Every structure is written in C-alpha cells, then in structure tokens.
2 protein chains.
Amino acid sequence: MRVQDEKNSNSLKNRRPNGGSRAKARRETEETILTAAETVFAEAGFGGATMQLIADLAGLPKANLHYYFDTKEALYRRVVERIFNIWLEAADVFDGAAGPTEGIGAYIDAKMEISRHHPNGSKVWASEVMHGAPVIQDYLETTLRDWTEGRCAVIRRWISEGKMAQTDPHHLMYMLWATTQHYADFSHQIDTLNGGDPLSDAQWEAAKTSVKTIVLRGIGVL
Amino acid sequence: MRVQDEKNSNSLKNRRPNGGSRAKARRETEETILTAAETVFAEAGFGGATMQLIADLAGLPKANLHYYFDTKEALYRRVVERIFNIWLEAADVFDGAAGPTEGIGAYIDAKMEISRHHPNGSKVWASEVMHGAPVIQDYLETTLRDWTEGRCAVIRRWISEGKMAQTDPHHLMYMLWATTQHYADFSHQIDTLNGGDPLSDAQWEAAKTSVKTIVLRGIGVL
DNA sequence: TTTTTTGTTGACCGAATGGTCAGGACATGG
DNA sequence: CCATGTCCTGACCATTCGGTCAACAAAAAA
C-alpha cells in the first residue's frame with residue numbers, strides 16, 4: 001500500500017545504456033533490482049511487497065526478476081545482507097580511536113550519515129529484526145554478537161582507563177543504535193513534526209550535534 | 001511467517017465463559033480479537049498477517065472476525081489506535097513535574113515499562129510509522145504534533161529557568177522515544193545479544209538506570 | 001410460545017500473488 | 001556465416017487471501 005505506480009515512467013532501468021561486457025551488464029541489472037527491492041520492502045514490508053511492484057519500479061518485466069533471483073525470499077535476503085554490510089562499515093571509525101570522545105563521536109556521525117543516505121536499508125533491517133529476524137538470525141548470533149562484544153570491550157577499557165564515566169557498554173550501544181537509526185526508521189514521523197518537510201542540511205547538522213552532545217556529556221567526557 | 005499454529009490448542013478465547021450481558025460478551029470478544037491481531041500484526045507486519053492466522057490465535061472462525069470488524073484494515077486501525085492511547089498515557093508522568101530530573105526520569109521509566117509490557121503494540125506502531133503512516137497520518141499531524149509541541153515548550157521553560165543545559169527539545173524527545181522503544185522494537189536483537197534469553201528483572205532495572213543516567217547527565221542535571 | 005434481534009459458522013468466490021515455462025532475441029565464439 | 005549459450009518476456013498456473021453469504025443457533029423481546 002503506497003509505492004506509486006512506476007509502470008510507464010521513471011523506471012530505474014534504462015534498457016542497455018552500456019556497451020560494456022556481459023558480466024558488467026549483469027551486475028548493473030542486479031543492482032537495479034536490489035535498489036528497487038530495497039525501496040519496496042522498506043515501504044511495504046516483506047509481506048506487503050510484491051514482485052510486480054519491484055519489477056515496475058525497476059522497469060523490468062516480473063519474469064526477469066526471477067531470472068536473476070530465484071525467489072522473493074532470496075531477493076529479500078540479498079537486500080538485508082547488503083544493508084548489514086553497509087551498516088558494519090561504520091565500525092571502522094570506531095576502531096583505532098584514542099578515546100570515547102573521538103571514537104563514539106565519529107561513530108555517531110557515521111551512523112547518522114547512513115540514516116540519512118540509506119533510510120530504506122535501515123527500515124528493511126529494522127523490519128527484519130522486529131519480525132524476529134527469520135532470515136538473518138545467524139548473522140545476529142555470529143557477526144553482530146562478535147562485533148558487539150569487541151566494541152563493549154573497548155568501552156570497558158576506556159572506563160578502566162578513566163576516560164569516561166562508569167557506564168554499561170551494552171546499554172550505551174543500544175542507545176547509539178536506537179538514536180541514530182531512529183532518524184531513518186521514523187523519518188516520516190520526524191518529517192511530519194517538522195511541518196511535513198524533510199530535515200534540511202542545517203537540521204541534520206543540528207541533529208548530529210544534539211545527539212553527540214547529550215551522549216558524550218552523558219558518559220562524562222564533556 | 002512465524003506465529004505458531006493455534007488452531008486446536010491454547011486459543012485466547014474460551015467459548016462463553018461468562019454469564020454476563022450481551023454487551024459484555026461483545027466487548028470481551030472484541031478484546032480477544034484485538035489482542036490476537038496485535039500479536040500477529042507485530043510478528044508478521046500488516047501485509048504478512050492473515051485474517052486466518054488472527055482467527056486461529058483468537059480461537060474463532062475467520063468469518064466471525066468479519067462480523068466484529070468489517071475489514072482487515074479496520075481491525076488494524078483499531079489495533080494502532082489502541083496502542084497510540086496507551087503510548088500517550090505516559091505523558092501524564094511528564095506533566096506537573098517540578099523539573100527535568102523528575103519529569104524526564106519518570107517519563108523514561110514509564111516508556112520503558114510500556115516497552116516491557118506492550119512490546120507487540122510498540123512494534124505495530126513502529127511498523128506503521130516506518131511504512132509512512134498510511135493509516136494514522138492524521139494522528140501524527142494533530143494529536144502527536146500538539147503533544148510534542150506542548151512538551152517541547154515545557155523543556156524550553158526548564159532551560160530558560162536554568163534547570164537543565166541548553167538542548168534542542170525535539171532532538172531530546174526523539175532520543176527518548178528512540179531509546180525507550182528500542183527495547184520493545186528490537187527486543188529480539190537484544191535477547192540474542194543477551195545469550196538468547198529475555199532480559200531479567202534486574203537487567204530491566206539496569207537498562208532503566210543506564211538510560212536515565214546517560215540522558216539526565218547528558219542534559220546537565222546530574 | 002412466538003417473533004425478532006444478535007451472534008456464529010462452513011462453504012464459497014473473485015482477485016491477486018509467487019512462480020513457471022516455452023519460445024524468442026541477442027550477443028559471443030568459432 | 002552458423003552454432004551456442006545467455007538473456008528476456010508474455011502467457012499461464014496453482015495457491016492463497018480478504019471478504020461474502022445463506023443457513024443456523026441462541027438469546028431477548030413480545
């Protein structure tokens with residue numbers, strides 16, 4: 001419900017715009033489908049999304065989607081994996097930081113940027129987790145768990161070194177995730193409370209500053 | 001996908017357990033259906049939920065659901081409205097507070113309690129907003145907007161009275177919503193990172209304390 | 001009791017959906 | 001040129017879903 005009709009206009013795919021190789025064209029078509037799928041899954045959820053809707057948005061016949069992705073669930077899985085990887089990239093800025101001011105501050109900035117530029121991905125991820133992670137449960141139990149424990153260890157070290165206040169690392173992580181991703185997942189609500197307009201550049205900067213200020217002061221490093 | 005089969009066991013509804021009035025029985029049946037619907041909508045999303053699944057969980061024939069609620073969308077709307085009202089109740093503790101320590105602290109406690117005891121409701125709300133609020137857009141533009149502006153005015157007053165640090169009220173509200181609702185919406189992820197177990201009583205208390213500590217210190221009232 | 005209103009239900013229907021398939025188009029390699 | 005494998009697509013199918021309906025049961029009203 002929503003996802004405007006794209007049958008004859010504004011499709012993501014212009015047929016054969018490249019003289020490139022077969023493999024390249026394949027990769028581009030896959031990317032087109034994945035992007036369209038991400039949008040539709042984000043706007044309608046897995047159950048509400050239809051292959052026809054995705055096909056229309058991608059500007060391809062429905063049967064073509066099944067040539068590249070066997071099933072709706074396989075396509076969905078690829079979309080979620082794609083997001084998960086982008087999401088993990090933000091970890092880089094966390095690592096190698098001298099202390100919480102730099103590390104957590106940069107992490108907030110990075111996550112806020114992702115929320116701004118990949119809101120659909122964030123929504124699909126949120127929806128997947130909310131529904132019990134039927135597709136990516138293994139990721140949660142392996143990659144995410146390891147990643148989380150690693151960062152929590154860093155936080156604990158910062159605490160023991162007196163670089164920040166005594167704080168439960170897990171709940172701090174949850175607060176960071178929740179707050180930053182909120183700007184993607186609840187963007188519609190935020191826009192509505194902003195008079196119906198998306199946040200401007202300045203407002204995004206203000207958001208980042210507000211989050212960083214409260215969190216960093218909240219862990220005693222301001 | 002999920003929502004275990006409840007066709008022959010454990011149904012929410014025991015047929016005619018009351019000698020009460022007609023109106024009372026009606027209210028009870030409606031409540032049974034609404035509770036079942038809330039669970040199914042939370043676990044499967046609007047598109048993934050089926051009337052049959054809700055009927056099975058409620059222990060009623062599907063046709064009976066349509067006697068009480070005309071359409072799936074009408075039933076969904078009632079579920080969302082129900083949640084919205086519970087969610088607004090938490091506003092009470094915000095009002096009449098002498099200052100941010102008391103008001104915001106109590107608000108966090110109240111919202112955390114809701115996340116703990118109405119996780120399905122919170123998930124349905126989150127899902128609705130994430131998908132662009134097709135059903136409750138009017139609530140966002142009227143009730144929620146008014147409510148938000150009211151609290152922001154209070155926060156601004158506290159700031160001008162020197163009771164808390166200079167803080168953007170909207171972004172503070174978003175942080176409160178995001179952080180507290182995260183414990184409901186992402187409970188599956190949190191449980192997974194908790195070794196697969198739900199948070200214990202003590203862990204819930206620790207969560208509340210952590211959130212309150214960081215936020216209150218973050219706005220300069222600790 | 002009889003009548004009327006309210007509640008209950010299995011069977012059914014049209015529409016939509018995920019997925020299939022046979023055949024055609026097209027590029028590549030010989 | 002032809003042969004071959006890749007890519008594309010309209011038409012089609014089985015299943016499922018939301019919703020309807022007519023008949024039935026139960027309670028209230030008369």
Side-chain angles (χ1 to χ4, degrees), chain A residues 1-3 5 7-8 11-33 36-37 40-41 44-79 135, chain B residues 1 3 5 7-8 11-33 36-37 40-41 44-79 134-135:
Chain A
M1 38 163 149
R2 195 67 62 92
V3 180
D5 191 348
K7 188 150 258 170
N8 293 320
S11 53
L12 297 178
K13 172 85 177 168
N14 289 337
R15 226 57 56 81
R16 313 249 123 265
N18 57 62
S21 72
R22 210 78 172 237
K24 184 183 171 190
R26 174 172 263 273
R27 253 179 290 118
E28 286 178 359
T29 304
E30 278 188 5
E31 198 62 25
T32 301
I33 296 171
V40 174
F41 282 134
F46 178 83
T50 70
M51 295 298 275
Q52 189 62 61
L53 232 37
I54 297 170
D56 290 348
L57 184 58
L60 296 168
K62 190 185 67 161
N64 208 347
L65 266 61
H66 282 99
Y67 177 75
Y68 285 93
F69 301 92
D70 281 352
T71 65
K72 181 185 178 185
E73 194 169 318
L75 174 56
Y76 175 76
R77 181 186 295 268
R78 285 284 300 275
V79 170
V135 168
Chain B
M1 34 164 146
V3 181
D5 192 348
K7 188 150 256 168
N8 295 319
S11 55
L12 296 178
K13 172 86 177 169
N14 290 337
R15 226 54 58 81
R16 314 247 121 265
N18 56 62
S21 72
R22 208 79 173 236
K24 183 183 170 189
R26 173 172 264 273
R27 255 179 288 119
E28 287 177 359
T29 304
E30 277 187 5
E31 198 63 24
T32 301
I33 295 171
V40 174
F41 282 134
F46 178 83
T50 70
M51 295 298 275
Q52 189 62 62
L53 231 37
I54 297 171
D56 291 348
L57 183 58
L60 295 169
K62 190 185 69 163
N64 208 346
L65 264 61
H66 282 98
Y67 177 75
Y68 285 93
F69 301 92
D70 281 351
T71 65
K72 181 185 179 186
E73 195 169 318
L75 174 56
Y76 175 77
R77 181 186 293 268
R78 284 284 300 274
V79 169
V135 168

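All chains are named by letter (A, B, ...) in the order of the sequence lines, taking the proteins before the strands, and each is independently numbered beginning at 1. Predicted, not measured: the structure shown is a model, and the values here were computed from it.
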Using 30° and 60° as the class limits, which term best fits the ring planes of B:F46 and B:F41: parallel, tilted or perpendicular?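 Parallel.
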Nearest 0.5 Å please: distance from the CG atom of A:L75 over to the OG1 atom of A:T71.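 Here the rounded value is 8.0 Å.
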Drop me the distance from B:L57's CG to B:T32's OG1, to the nearest 0.5 angstrom.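 It comes to 10.0 Å.
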Rounded to whole angstroms, how far apart are [atom1] on [X] and [atom2] on [N]?
| X | N | atom1 | atom2 | value |
| --- | --- | --- | --- | --- |
| B:F69 | D:dT20 | CZ | P | 15 Å |
| A:Y76 | C:dT17 | OH | P | 19 Å |
| B:L60 | C:dT9 | CG | P | 7 Å |
| A:Q52 | D:dT9 | CD | P | 13 Å |
| B:I54 | D:dG19 | CD1 | C1' | 14 Å |
| A:Y67 | C:dG24 | OH | P | 18 Å |
| A:L53 | C:dA16 | CG | C1' | 12 Å |
| A:L75 | C:dT17 | CG | C1' | 15 Å |

Closest to the [X] side chain: [options]?
| X | options | value |
| --- | --- | --- |
| B:K72 | D:dT9, D:dG19, C:dG10 | D:dG19 |
| A:A63 | D:dC8, D:dC7, D:dG10 | D:dG10 |
| A:Y68 | D:dG10, D:dG19, D:dC7 | D:dC7 |
| A:R22 | D:dG19, C:dC26, D:dC8 | C:dC26 |
| A:M51 | C:dG18, D:dA26, D:dC7 | C:dG18 |
| A:T50 | C:dG18, D:dG10, C:dA27 | C:dG18 |

Counting any heavy atom closer than 4.0 Å, what does A:A49 reach on the DNA or RNA strands: base, sugar-phosphate only, or nothing?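 Answer is sugar-phosphate: A:A49 comes under 4.0 Å of backbone atoms only.
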Examine C:dG7: is either OP1 or OP2 under 4.0 Å from a nitrogen or oxygen in the side chain of B:R26? Give yes or no.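 Yes, because at least one side-chain N or O of B:R26 sits under 4.0 Å from OP1 or OP2 of C:dG7.
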Where do A:V40 and A:A49 come nearest, in terms of heavy atoms and distance?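 Heavy atoms of A:V40 and A:A49 come nearest at CG1-CB, 3.6 Å.
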Which is more 5' along DNA chain C, the nucleotide nearest B:A23 or the one nearest B:K62? Just name the residue.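 Looking at the nearest nucleotide for each, B:A23 comes out on the 5' side.
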Please determine if B:E30 and B:R26 form a salt bridge, counting it only when a charged side-chain N lies under 4.0 Å from a carboxylate O.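 Salt bridge: yes.
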